[in-house]
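Input: a single structure, listed below in structure tokens.
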Amino acid sequence: MNNEELKIKLTELIPSATFEEGAEWITFFVDSPNWKTIAQQLFSADGLNFNYLFCLTCIDWKTHFTMLYHLSSTIHRHTIVVKANLDRINPEIETVSDIWRTAEFHEREVYDLFGVIFLQHPDLRRLFMTDEWEGWPLRKDYEDPINMIKL
Amino acid sequence: MFSLEGVTNFIHTWLNNTFNPTLALLFEFVIVGLSVITLFAVLGLVLVLMERKVSAYMQIRLGPNRVGYKGSLQTVADTLKLAMKEGLTPDGADKFLFNLAPFVVMIVAMLIMAPIPFAKGFQMWDLNIGVLYVSAVSSVSVIGILMAGWASNNKYSLLGAMRSGAQIVSYELSAGLSIISIVVLTGSLQISDIIASQQNGWWIFKGHIPALISFVIFIIAVTAETNRAPFDLAEAESELTAGFHTEYSGMKFALFFLAEYVNIFIVCSIGAILFLGGWMPLHIGHWQGFNHVMDYVPSSIWFMGKVFFLIFVIMWFRWTFPRLRIDQLLNLEWKYLLPISMFNLLLMTLVAIMGWHF
Amino acid sequence: MYRQTEIISDYSKVPSTGGDLGEAGDLVINIGPQHPSTHGVLHLVITLSGETIKNVEPHLGYIHRSIEKMCESLSYRQFIYVTSRMDYLSSHINNHGCALCVEKGLQIEIPERAKVIRVLMDELTRLASHQLWWGAMAMDVGALTPFFHAFREREAINDIMEETCGARLTMNYIVPGGVMADLHPDFQKHVKEFITLFKSKIDEYDELVTGNIIFQNRMKNVGYISKNDAISYGCTGPTARGSGVSCDIRKLYPYEVYNQLQFDEIIENSGDCFARYLVRMQEMRQSLSIVEQLIDNIPEGDFVAKTKAVLKLPKGEFYSRVETARGEFGVFIVSEGGTTPYRIKFRSPGFSNLSALNHMARGHKIGDLVAIMGTLDLVVPDIDR
């Protein structure tokens, strides 16, 4: 499916989505509370079948977080990017680790480095940092005078 | 021909003429004890070096080549290093058993030396149940390994020891059965009788296919019994770091290491005695001329040659094959080797009764 | 972080850290961080019932350097070199992925010669990586000799790399716009020598290990992962291709000159360790054929495109992916228009492949865990980043 058809199909499926222009792949924002249901639809809807989550990450925009999900389909070979904005004070989003198993580790990574809470995640704890580590290293306001070397 | 028999007889008569019989026996004990310990040390040095050189050639390396001529003193240097290291006993280990275990393994290896004839007339104790004695005593070594694994208070050691226990107990069966198949042919458990029966040819040639089968099974089973690759599950370096001797260091580790090599030597000499005629030169039936030529080679050379050939084969296995998994290891024994060797024993009995062997 | 190493008698006393630890009487042992089969500092806490694995839980972070954070203060020319330290066995391909992403942002067209050189080096790196994997994996299942045989041929590749790039492991040969220096005059000669050498050696590899009955028993029906699970766990590279997933980036989303080359995407369908093993063995032959196709056809011309001294990516998000020896390596750059990236995410293949380890190893023996880890070809700095 090419990008135009995909966009039409996605608009039908998710009316609330706001599309971003000018990117390589179709990129759209969803509201974080709706994310889980949308993810399920993306995974199972005919003609979409986004069964492969190849990248899951988060960006700290200083005012808010943006979660990014790079989704692809091994059947139809199309790719989309889903974004969800999160509140910076209380970043919470529903987990997708039951839809795409790879998300379990990736979400733990994001939790570890950004402090985003994934609701209903089966095993949400620090992944790289030690259990007693304080702070969220990849946030822009993270300061660690001992371990961080400023260039 | 040159024979060590003269030397032993000379010492025996001289001692008996000079001292009273009891004292002479005591002196003989001391001499034998000393020579066994010396043999141990020498065997350890030679076999470790041999293993390293063999593996080096198989792995396109040079092997040890710095200490002594072409690295010949490497093992001496290693032993010195090990002797100077601290023999740590881990906290929480069962101290008594932990320290006892290497000695148990060592003593067992020493005991099996007794009935082995290194040359014609050069045997410590030619007891009438020699073969039975060897297989009985060798199974005690598993206790030493279990002791070491249990007393170390380490999970890797425990797993290694349990594997080793399962392995040695199972493979003893087929090793025993293949030994018995030769005993069936000779009709005697005494080692000198077994060797004498190969006067006109080795059993591996005389005994038709059943002898060949039991030889192969014997080699497989003893490789497993000595915990050598591809059956080295007890130490399985990539799975259990070092298995049952993970926690051992210094001289206590060296004893395990040495016992492994001495055990290889022993099982190979048993194999050589049973199937390849021990010190008996290669004789072929009634070819008198050929047999005479063969007799010119000293019997000790024959024995050592055969043993070291078998040791080389076992080393060859180690540096070629991947390791089996524990369930595959037990399957191999209980599903294949044991039934085959049982059937083979029946076949051998038939051969012996009908006199089909040469 | 560490869990007590004793037999759990009362499960309620163990501090709950999530995960399925098992029940009373299970044996919990730590494999790693220092262990002969983890090839680095991977720490696995495994729960055993006898010899059977009930749960495998990776504990990561022993060499987590937070490369993503470091890159946020490095310029677009500098950050490429940090990525060599992630998957050190395919460092050239990592560099390649980063350079592609920067070039995508800058929209530079790079010279043909640079493209061919990059692909040649990629394939040589892949060969070297697979050779090391082959030796190390054979060592994991207990055959010690293949390791030395593999290193003998790997040495030849490393010498070629050293001659042209100046380094043997972390090449740092790629710059945005091309490569750092032209090929060494002897490059073609040495590569051709290597091709002749390796063609006979790869058959030797097969003879020594592939056909061995013990080896096949250790590999077949071990560590099975189905096609759907492999996709769901985000497995890529030979791990996924062993389960029948078509995921070779070189074929699906060709970059550089891959669309002009003749090579097959190797797919096996049985999904066990042996399938993954076969995929990698055949990939070596494919890589060799790619090198053969290119070595006589290196176009003349510049080896690097003219770029500004200070690179500034336009505002936006850029994602590029390459196929490393372990799978799909993705680079995601968020730019605010400055000289340094605002945020970088590296999608490393090892991290996703590792997440499937528990799924694959559960119910097998300890020996199998080692074999599975061997065929996943884990490189710990790639996982930890």
Side-chain angles (χ1 to χ4, degrees), chain B residues 51-52 54-63 90-92 150 152-163 166-167 220 223 227-243 246-247 315-332 336, chain C residues 4-7 26-32 34-39 46 48 50-53 135-153 155 201 204 207-210 212-222 364-371 373-374:
Chain B
E51 171 107 285
R52 295 179 68 170
V54 166
S55 72
Y57 279 113
M58 294 195 175
Q59 299 177 340
I60 42 174
R61 299 183 283 126
L62 290 175
D91 222 19
W150 180 255
S152 292
N153 188 31
N154 178 319
K155 289 175 184 176
Y156 289 126
S157 304
L158 184 64
L159 280 171
M162 289 305 159
R163 283 178 173 192
Q167 180 178 337
I220 295 176
T223 314
N227 287 330
R228 294 280 298 181
F231 307 103
D232 61 341
L233 283 121
E235 17 192 299
E237 189 240 358
S238 59
E239 296 157 30
L240 303 178
T241 56
T246 308
E247 293 288 352
M315 284 182 181
W316 193 356
F317 288 167
R318 170 159 182 191
W319 299 107
T320 312
F321 292 133
R323 186 183 303 118
L324 273 80
R325 208 170 56 210
I326 183 73
D327 54 330
Q328 291 167 350
L329 177 96
L330 296 177
N331 277 352
L332 177 70
Y336 301 100
Chain C
Q4 283 181 319
T5 52
E6 57 204 38
I7 296 171
D26 286 350
L27 191 68
V28 177
I29 70 174
N30 290 294
I31 298 246
Q34 266 77 37
H35 187 274
S37 73
T38 53
H39 306 301
I46 60 176
L48 294 172
E51 281 252 355
T52 312
I53 293 168
M137 190 224 42
M139 199 165 71
D140 284 345
V141 293
L144 295 161
T145 304
F147 190 70
F148 292 88
H149 286 242
F151 263 71
R152 175 183 56 187
E153 277 81 60
E155 203 64 16
K201 296 299 177 201
E204 198 180 296
E207 268 172 48
L208 185 58
V209 172
T210 316
N212 189 307
I213 185 82
I214 302 177
F215 179 76
Q216 291 199 358
N217 280 336
R218 284 293 303 274
M219 287 283 148
K220 281 182 179 166
N221 301 321
V222 168
H364 287 301
K365 305 276 185 288
I366 303 181
D368 293 330
L369 175 73
V370 175
M373 267 155 52

Closest contact, heavy atoms only, [X] versus [Y]:
| X | Y | result |
| --- | --- | --- |
| C/Ile214 | B/Arg323 | CG2-O, 3.8 Å |
| B/Ile60 | C/His149 | CD1-CA, 4.2 Å |
| B/Arg163 | C/Ile366 | NH2-CB, 4.1 Å |

Problem set entry | Donor-acceptor pair, side chain of C/Thr145 and main chain of B/Thr320, under 3.5 angstrom |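 Answer holds: no.
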For this session: Side chain from CB out, backbone as N, CA, C, O: work out which of these in C/Val141 comes under 4.5 Å of a heavy atom of chain B, or both, or neither.
Result: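 Both backbone and side chain of C/Val141 come within 4.5 Å of chain B.
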Exercise. Measuring heavy-atom distances to chain B, does C/Asn217 have an atom under 4.5 Å in its side chain, in its backbone, in both, or in neither?
Worked result: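 For C/Asn217, heavy atoms of backbone and side chain both lie under 4.5 Å from chain B.
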Exercise. Is there side-chain contact between B/Tyr156 and C/Ile31, with heavy atoms separated by less than 4.5 Å?
Worked result: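 B/Tyr156 vs C/Ile31: side chains touch.
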Problem set entry | Side chains of C/Leu27 and B/Leu159 in contact at under 4.5 Å (non-hydrogen atoms) |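 Yes, at least one pair of side-chain atoms sits under 4.5 Å.
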Problem set entry | Interatomic distance, B/Phe321 atom CZ to C/Leu144 atom CG [nearest 0.5 angstrom] |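 One gets 13.5 Å once the value is rounded to the nearest 0.5 Å.
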Exercise. Pick from B/Met58, B/Arg318, B/Met162, B/Arg61: which one has the most heavy-atom pairs with chain C under 4.5 Å?
Worked result: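 Looking at each of B/Met58, B/Arg318, B/Met162, B/Arg61 in turn, B/Arg61 comes out on top.
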For this session: Salt-bridge test for B/Arg325 and C/Glu51: reply yes if a basic N is under 4.0 Å from a carboxylate O, no otherwise.
Result: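 Not counted as a salt bridge, because no side-chain N and carboxylate O are separated by less than 4.0 Å.
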Exercise. Side chain, backbone, both or neither: which part of B/Ile326 has an atom under 4.5 Å from a heavy atom of chain C?
Worked result: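 Side chain only.
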Exercise. Which one of C/Ile213, C/Val209, C/Asp368 has the most heavy-atom pairs closer than 4.5 Å to chain B?
Worked result: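 Sorted descending by pairs with chain B, the first entry is C/Asp368.
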